[in-house]
Amino acid sequence: MEGVDYLAHERKTAQFDVEAMKVVWAGSKHELDLSDRMARLVASDPVFRKDNRTMLDRKELFKNTLKKAAHAWKRMHELRLTEEEAGKMRFFIDEPAYVDLHWGMFVPAIKGQGTEEQQKKWLPLAYKMQIIGCYAQTELGHGSNVQGLETTATFDPNTDEFIIHSPTLTSSKWWPGGLGKVSTHAVVYARLITDGKDYGIHGFIVQLRSLDDHSPLPGITVGDIGNKFGSGAYNSMDNGVLRFDHVRIPRDQLLMRLSQVTREGKYVQSDVPRQLLYGTMVYVRQTIVADASRALSRATCIATRYSAVRRQFGAQDDGPETAVLDYKTQQNRLFPLIASAYAFRFVGEWLKSLYTDVTQRLQANDFSTLAEAHACTAGLKSLTTSVTADGIEECRKLCGGHGYLSSSGLPELFAVYIPACTYEGDNVVLLLQVARFLMKTVSQLTTGKKPVGTTAYMGNTEHLMQCRCAVKTADDWLNPYAIQEAFEARAVRMAVNCAQNVSKAPSQEEGFFNLSADLVEAAVAHCQLIVVTKFIEKVQRDNVGGGVKDQLQVLCNIYALNLLHKHLGDFLVTGTITPKQGALVSDQLRSLYSKLRPNAVALVDAFNYTDHYLGSVLGRYDGNVYPALYEQAWKDPLNESDVPEGYAEYLRPVLKQQVRLARL
């Protein structure tokens with residue numbers, strides 16, 4: 001059998017309706033149809049080819065990215081795409097570019113922080129791409145600590161202008177995407193100083209380049225920060241460095257929705273609550289969680305299909321070798337990652353509804369759930385991006401030696417994805433923010449203040465601190481209530497234990513500093529509980545036929561029990577379960593992997609990714625892996641000639657023993 005036949009056979013064994021699962025994964029029939037249409041539109045356009053990306057040098061790669069972005073803009077207008085359709089098109093083009101920051105950060109910053117008058121002035125220009133913007137916050141010396149930024153914006157009442165200045169080398173803006181070579185404007189974050197007083201970090205709209213010839217304006221030093229990790233990958237993005245030498249801008253280019261400076265230089269705060277900015281933060285983190293599910297699902301799709309095609313060992317009586325996917329060690333590593341992709345997809349879906357709820361509450365000046373929503377989204381951003389980055393690398397290893405080839409798609413996917421562990425908040429720093437919120441919640445339990453949202457389970461702390469797991473057989477671990485109570489008890493006990501230890505320190509800050517590693521683990525336990533809970537709720541809520549609900553139940557159980565198995569130490573140390581109950585988890589996982597095995601290929605088919613979007617010879621839908629690998633090898637520039645460049649100068653002298661050796 002060829003690879004094509006192997007995958008066809010796998011698809012025949014599926015025990016559920018794949019088309020129905022596609023709708024579940026997409027979120028709706030509308031979303032599925034939209035994604036399908038845009039994915040095929042991109043895949044059919046030769047300008048958007050991806051197979052040569054890792055072979056281009058930096059200049060060629062960047063020029064090619066500019067070409068794709070311009071062509072996409074042209075096609076969007078020709079086809080009169082809606083904003084939703086245009087967003088999907090950019091997604092399936094699948095190449096980091098300046099447009100990501102223009103639409104994803106620059107425009108939302110003006111929407112969220114600009115006054116109505118400022119929005120009327122700047123947004124039409126941005127929407128028409130008559131100006132291109134980026135988000136210049138991070139500096140060479142400060143990233144996570146935004147309050148430590150050094151760039152200054154000093155008001156000059158004599159000229160009614162702000163003077164933007166980079167007083168030190170470490171105050172250079174560093175990393176903003178789109179800044180290096182493209183952006184004409186930036187929302188620059190700087191310390192607002194007026195009348196000799198520093199009012200902290202504020203956003204300013206600053207023009208960087210001429211709209212006539214694109215050259216940097218006087219006082220502006222700007223360029224690209226250099227090549228980044230991997231071939232192709234994020235090197236299509238012009239991450240930049242920016243320095244200001246007393247650059248003057250009009251006073252009205254301070255984003256003034258929350259505060260402004262009068263003509264006389266007086267700092268005035270508006271009546272708009274500063275908490276409104278948190279709505280944007282929740283939205284951005286929700287999109288990051290959604291991106292995590294997409295990236296992890298891509299990697300698992302490649303690894304699963306290839307594992308079904310690849311045969312190694314096990315042949316008897318001249319029979320076929322064993323499919324790598326049939327080995328229990330492969331299943332043990334791969335199937336929890338498929339389950340995680342689905343789990344992150346569903347918790348990302350739930351975060352959309354959380355964003356809607358937070359937005360409505362903010363508009364009504366109700367800030368009661370804001371701190372919990374902030375902690376929840378911070379933790380889920382951290383958890384999902386860390387697991388996804390590690391999961392992509394695990395999928396590469398699951399594909400053996402061929403996974404190391406650029407043509408497998410996995411090295412570039414990994415290189416493109418891993419910045420997500422750092423941007424929009426370093427993952428460890430975010431977990432410490434979650435831990436701080438958990439410690440505050442624990443401290444308020446005795447005051448009668450009721451925990452809300454994802455911390456509501458802490459209102460049951462007295463029971464959870466004392467309860468004993470009732471599991472007696474492996475099948476008892478299929479009870480969602482047993483699973484959820486175990487995760488709740490573990491999370492509460494770890495949080496309470498940390499709170500008790502912090503209280504013993506000479507000061508709370510010293511306690512936080514010394515116990516930071518324990519606090520991070522408590523935060524992870526809380527975040528894992530959220531994902532498990534939302535997966536369980538999804539399975540219980542959706543009444544999908546065609547065997548889909550059964551598969552979702554299997555995936556949910558694999559996700560939860562694999563976490564329990566991996567973090568068994570937490571559950572045992574906190575007394576949540578016994579060693580015997582822990583052993584029963586392993587027994588049940590083996591059974592669950594056997595149930596998932598006939599459906600593995602169909603479950604990744606349900607992601608509905610085109611071969612163009614996957615960008616992998618190993619993950620091809622048709623399974624024709626080996627001819628594709630062979631054909632792709634000959635496309636490498638090194639194979640353009642039989643005799644390599646440099647033969648006459650360097651190789652022939654060695655072979656002919658004509659190398660002149662220096663005498664000592």
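For the numbers below, each heavy atom of this structure counts, side chains included, while hydrogens, waters and symmetry mates do not.
- When the side-chain contact (heavy atoms from CB on, under 4.5 Å) test is applied to Asp245, the partners found at least two apart in sequence or on another chain are His165.
- Among residues two or more places apart in sequence or in another chain, the ring pair (Phe, Tyr, Trp, His ring centres under 6.0 Å) test is passed with His214 by none.
- A donor-acceptor contact closer than 3.5 angstrom is absent between the side chains of Thr455 and Glu372.
- Ring-centre distance between His202 and Tyr267: below the 6.0 Å cut-off.
- Counted by atom type alone, Ser270 and Gln260 present zero donor-acceptor pairs between their side chains at under 3.5 Å.
- A salt bridge is absent between Glu424 and Arg285: the closest approach of a Lys/Arg side-chain nitrogen to an acidic carboxylate oxygen does not fall below 4.0 angstrom.
- Aromatic ring centres of Tyr189 and Tyr135 lie closer together than 6.0 Å.
- With respect to Glu95 and Lys68, a salt bridge is recorded, a charged nitrogen being found less than 4.0 Å from a carboxylate O.
- Enclosure of atom CG in Asp213 by more than 12 non-hydrogen atoms of other residues, nucleotides or ligands within 6.0 angstrom is indicated.
- In this structure, Phe92 and Tyr613 have perpendicular ring planes: the angle between them is above 60°, well past the 30° mark.
- Counted within 6.0 Å of CD on Gln130, heavy atoms from surrounding residues, nucleotides or ligands total more than 12; the atom is thus considered enclosed.
- Remark: aromatic rings of Phe437 and His374 are distant, center separation not under 6.0 Å.
- The ring of Phe162 has its center closer than 6.0 angstrom to the ring center of Phe204.
- Thr385 and Asn427 share a donor-acceptor pair across their side chains, judged by distance under 3.5 Å alone.
- Of the charged side-chain nitrogens involved, at least one lies within less than 4.0 Å of a carboxylate oxygen, so that Glu78 and Arg75 count as a salt-bridged pair.
- A salt bridge is absent between Glu150 and Arg243; no separation between the charged side-chain nitrogens and carboxylate oxygens falls under 4.0 Å.
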Quiz item: Where do Asp224 and Arg58 land on the side-chain contact (heavy atoms from CB on, under 4.5 Å) test, with the steps shown first?
Solution: CA-CA 11 Å; Asp224 188 273; Arg58 181 80 197 283; 3.0 Å; yes
Quiz prompt | Test log, rule side-chain contact (heavy atoms from CB on, under 4.5 Å), inputs Tyr355 and Thr377 | solution = CA-CA 10 Å; Tyr355 170 66; Thr377 54; over 6 Å; no
